[in-house]
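Single-structure report; data block below.
Reckoned from all heavy atoms, side chains included, excluding hydrogens, waters and symmetry mates. Convention: sequence-line order gives letters A, B, ...; per-chain numbering from 1.
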Amino acid sequence: MTEHRPRQLSEQERIRRNNLQKIRQMGIDPYPPHQYPVTHHAAQIRAQFKDEEAEQWQEVSLAGRLMTRRIMGKASFAELQDSTGRIQIYVARDEICPGAQKDLYNLLFKKYLDLGDIIGVKGYVFRTRMGEVTIHVKELKLLSKSLRPLPVVKVDAEGKVHDAFTDLEQRYRMRYVDLIVNPHVRDIFVKRTRIIQSMRRFFDARGWLEVETPVLQPIHGGAAARPFKTHHNALDIPLYLRIANELYLKRLIVGGYEGVYEIGKMFRNEGMDRTHNPEFTSMELYVAWKDYLWMMEMVEQLLETIAREVTGDTRVQIGEQVVDFKAPYRRLPMFEAIQEYASIDISGMGETALRQVAEELGLEVDDSMGKGKLIDEIFSETVEPHLIQPTFITDYPIEMTPLAKKHRSKPGLVERFELFVNRKEIANAYTELNDPIDQRQRFEEQLRLAQRGDEEAMVLDEDFLRALEFGMPPTSGLGIGIDRLTMLLTNQDSIQEVIFFPQMKPERKAGDEEE
RNA sequence: GACUCCGUAGCUCAGCUGGUUAGAGCACCUGACUUUUAAUCAGGGGGUCCUGGGUUCGAAUCCCAGCGGAGUCACCA
């Protein structure tokens with residue numbers, strides 16, 4: 001056990017705690033229990049106030065955080081920030097203290113309030129000489145005292161930001177502070193939610209059922225990745241946090257639902273970088289009676305709709321590029337893509353020839369790599385860097401894809417596509433394999449790959465095979481990485497910028513002892 | 001996991017060929033100011049220079065180790 005030592009308070013924290021005591025001595029509760037009657041929000045007032053309609057703005061009440069203060073003797077300007085943004089408030093001594101007693105202004109407002117304190121104000125809206133829409137405060141109430149100083153970010157007349165709070169470690173560890181002082185960060189997460197809402201609306205409108213499937217799974221099936229392992233005490237069995245939910249959603253299609261989807265967290269016990277977090281959000285959709293050709297059209301409609309609803313346009317700025325999500329998207333079979341960008345025809349090649357091609361491209365190869373893995377390496381190296389505009393790469397080698405149905409006309413391939421945008425895969429879909437005998441053989445092939453040393457080979461799930469043996473309708477399935485889609489639509493190049501609380505190493509403060 | 005870079009006040013940063021008492025702007029404190037807006041003016045306080053060792057007469061600065069972060073690569077179909 002670590003012994004708890006009181007933290008050394010900084011000068012500014014001591015001053016704030018002292019102010020807290022002074023406020024209590026004035027008989028004011030710094031953390032009052034009553035609700036505060038908010039009637040307006042900052043952005044709404046700024047957008048809707050008109051000078052000629054000032055009589056309609058005689059009584060507004062809003063609450064938020066005190067972000068700047070400009071005290072000029074018996075009157076002051078300050079800025080209040082609520083969930084919608086900031087608005088200036090004007091606080092005059094004789095307005096908030098109509099009688100002889102001026103403590104509320106001279107002591108509470110001028111001395112004991114600090115930047116970051118949460119207050120409620122009531123008053124009327126007017127426009128200052130300088131043209132700023134402002135609240136003339138008649139009543140001011142402390143709603144919550146802040147004991148730590150916020151980073152002070154200033155924006156000058158040209159809109160240039162000074163002393164921005166940018167340290168990534170601090171921003172991610174103290175996301176609450178990041179959200180308070182960086183409005184563009186708040187906006188990213190609002191967009192993230194809008195993306196999910198838009199997607200859900202799209203699916204619900206088509207009658208597909210949103211479902212939940214197990215996060216704790218006895219067999220980590222449906223994808224190839226290292227899982228997090230845990231233990232259930234009562235059953236005394238190992239359980240795994242899901243790396244995918246595909247096999248459960250297909251069981252529901254077997255059960256008779258025509259369309260099911262789930263938006264939820266997946267967990268993969270692997271490295272972390274700009275595009276990987278150990279837990280991430282995926283959307284998986286399965287629709288009966290459909291194939292992957294239908295699914296491509298559905299995805300085009302879906303992404304065009306989301307882009308339009310979230311950003312107002314199908315064209316989105318991503319880094320240096322403008323990406324247009326307007327349907328339709330280019331469809332390019334994988335082997336043709338390699339032919340186009342690398343001028344190599346791999347269509348008839350066996351494992352030995354593929355290994356030679358990979359080596360000639362300067363790729364690292366080893367004996368555990370089968371045909372599928374080699375083709376994927378060659379594809380990643382030669383084609384992916386060119387895929388900026390939305391592009392469906394179709395018809396993957398069977399070795400790479402144990403859960404997809406064999407191609408209707410191209411031997412050795414499966415009916416699968418991945419959608420690439422800005423060089424990154426954001427969707428993956430199949431005509432799902434519903435032949436239980438074929439499925440068992442594919443799992444067995446995965447077992448052989450595992451024995452050969454492929455750590456990512458898929459695990460056989462006997463109950464899933466039992467479900468298929470009862471019969472699954474022809475079905476198409478789709479997975480979309482929500483985090484990566486959000487990165488695209490918000491023009492962020494790091495997954496940590498679109499996850500509120502990205503995984504980080506635990507903080508260890510000086511003085512803490514190990515164990 | 002490998003390599004490179006980074007860690008100084010609440011925030012953003014300077015100082016780093018070793019050398020008095022570690023600096024700036026914002027924030028903070030005291031005072032002035034009833035339409036300011038990066039408010040202004042006068043004065044002032046605030047530091048475990050990430051942690052622990054080492055070299056040295058002397059370390060924020062050099063060396064080693066650790067902790068934390070970032071980037072690149074590897075891994076991640």
Side-chain angles (χ1 to χ4, degrees), chain A residues 8-16 18-19 67-79 86 88-95 105 110-111 114-116 126-132 134 136 146-174 177 181 223-226 243 268-278 280 334 364 369-377 379-380 384 396-397 399-402 416 418 425 428 446 449 454-458 494 496 504-514:
Chain A
Q8 189 69 44
L9 297 179
S10 70
E11 184 196 29
Q12 295 196 39
E13 288 174 291
R14 286 196 301 272
I15 288 165
R16 281 166 183 250
N18 189 47
N19 287 343
M67 295 304 283
T68 69
R69 226 175 0 166
R70 297 179 280 277
I71 296 173
M72 302 161 306
K74 297 180 189 63
S76 303
F77 287 95
E79 277 173 42
R86 292 192 186 187
Q88 179 166 269
I89 64 174
Y90 174 74
V91 183
R93 188 193 66 184
D94 298 335
E95 289 281 341
Y105 182 79
K110 272 174 74 176
K111 293 202 189 285
D114 294 291
L115 296 189
F126 75 112
R127 190 182 297 274
T128 65
R129 262 179 227 164
M130 305 301 287
E132 182 91 10
T134 302
H136 188 119
S146 166
L147 297 181
R148 288 192 190 234
L150 285 170
V152 179
V153 180
K154 297 218 168 189
V155 182
D156 67 19
E158 284 113 52
K160 227 177 111 189
V161 178
H162 299 259
D163 300 330
F165 180 62
T166 55
D167 183 273
L168 295 179
E169 179 177 4
Q170 297 207 66
R171 286 186 46 229
Y172 299 153
R173 284 198 196 282
M174 298 191 287
V177 174
V181 304
R226 293 216 301 275
I243 58 174
R268 296 188 181 178
N269 203 342
E270 281 159 358
M272 295 155 57
D273 61 29
R274 278 199 325 292
T275 54
H276 297 84
N277 195 62
F280 62 98
M334 182 180 240
E364 275 185 44
M369 293 166 91
K371 212 175 144 181
K373 186 107 179 167
L374 286 164
I375 292 171
D376 187 58
E377 292 290 326
F379 174 80
S380 298
E384 274 186 24
Y396 283 62
E399 294 83 356
M400 297 167 68
T401 317
R416 171 185 185 182
E418 291 188 318
E425 176 211 333
N428 182 25
Q446 290 291 308
L449 285 174
D454 187 344
E455 289 182 25
E456 284 129 25
M458 214 173 277
S494 158
Q496 289 152 318
M504 305 198 64
K505 284 195 196 175
E507 222 171 338
R508 270 181 64 183
K509 295 197 188 90
D512 283 3
E513 287 172 35
E514 211 152 347

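Annotation: of the two residues near RNA chain B, A:Met72 and A:Ile15, the 5′-most nearest-nucleotide partner is A:Ile15.
Not counting sequence neighbours, the partners of A:Asp114 by the side chain to side chain donor-acceptor pair (under 3.5 Å) test are A:Asn19, A:Lys145. In terms of the salt bridge (Lys or Arg N to Asp or Glu O under 4.0 Å) criterion, A:Arg69 has no residue partners (sequence neighbours excluded). By the side chain to side chain donor-acceptor pair (under 3.5 Å) test, A:Asn428 pairs with A:Arg416, sequence neighbours left out. In this structure A:Arg268 satisfies the salt bridge (Lys or Arg N to Asp or Glu O under 4.0 Å) test with no other residue, sequence neighbours excluded. In this structure, A:Thr128 has no side chain to side chain donor-acceptor pair (under 3.5 Å) partners at least two apart in sequence or on a different chain.
Nucleotide B:U20 has no partner under the Watson-Crick or G-U criteria, as no pair reaches both atom distances under 3.5 Å.
Using a 3.5 Å distance cut-off with no hydrogens or angles, the side chains of A:Tyr105 and A:Glu95 do not pair a donor with an acceptor.
Between B:G68 and A:Lys505, a contact under 4.0 Å exists linking OP1 or OP2 to a side-chain N or O.
Rounded to whole Å, atom P of B:C33 lies 7 Å from atom NZ of A:Lys110. Between the CD atom of A:Glu95 and the C1' atom of B:U35 there is a distance of 13 Å, given to the nearest Å. The distance from atom CE of A:Met272 to atom P of B:A70 is 8 Å, rounded to the nearest whole Å.
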Measure all distances between protein nitrogen or oxygen atoms and nitrogen or oxygen atoms of nucleotides 40-44 of chain B, and list the pairs falling under 3.5 Å.
none

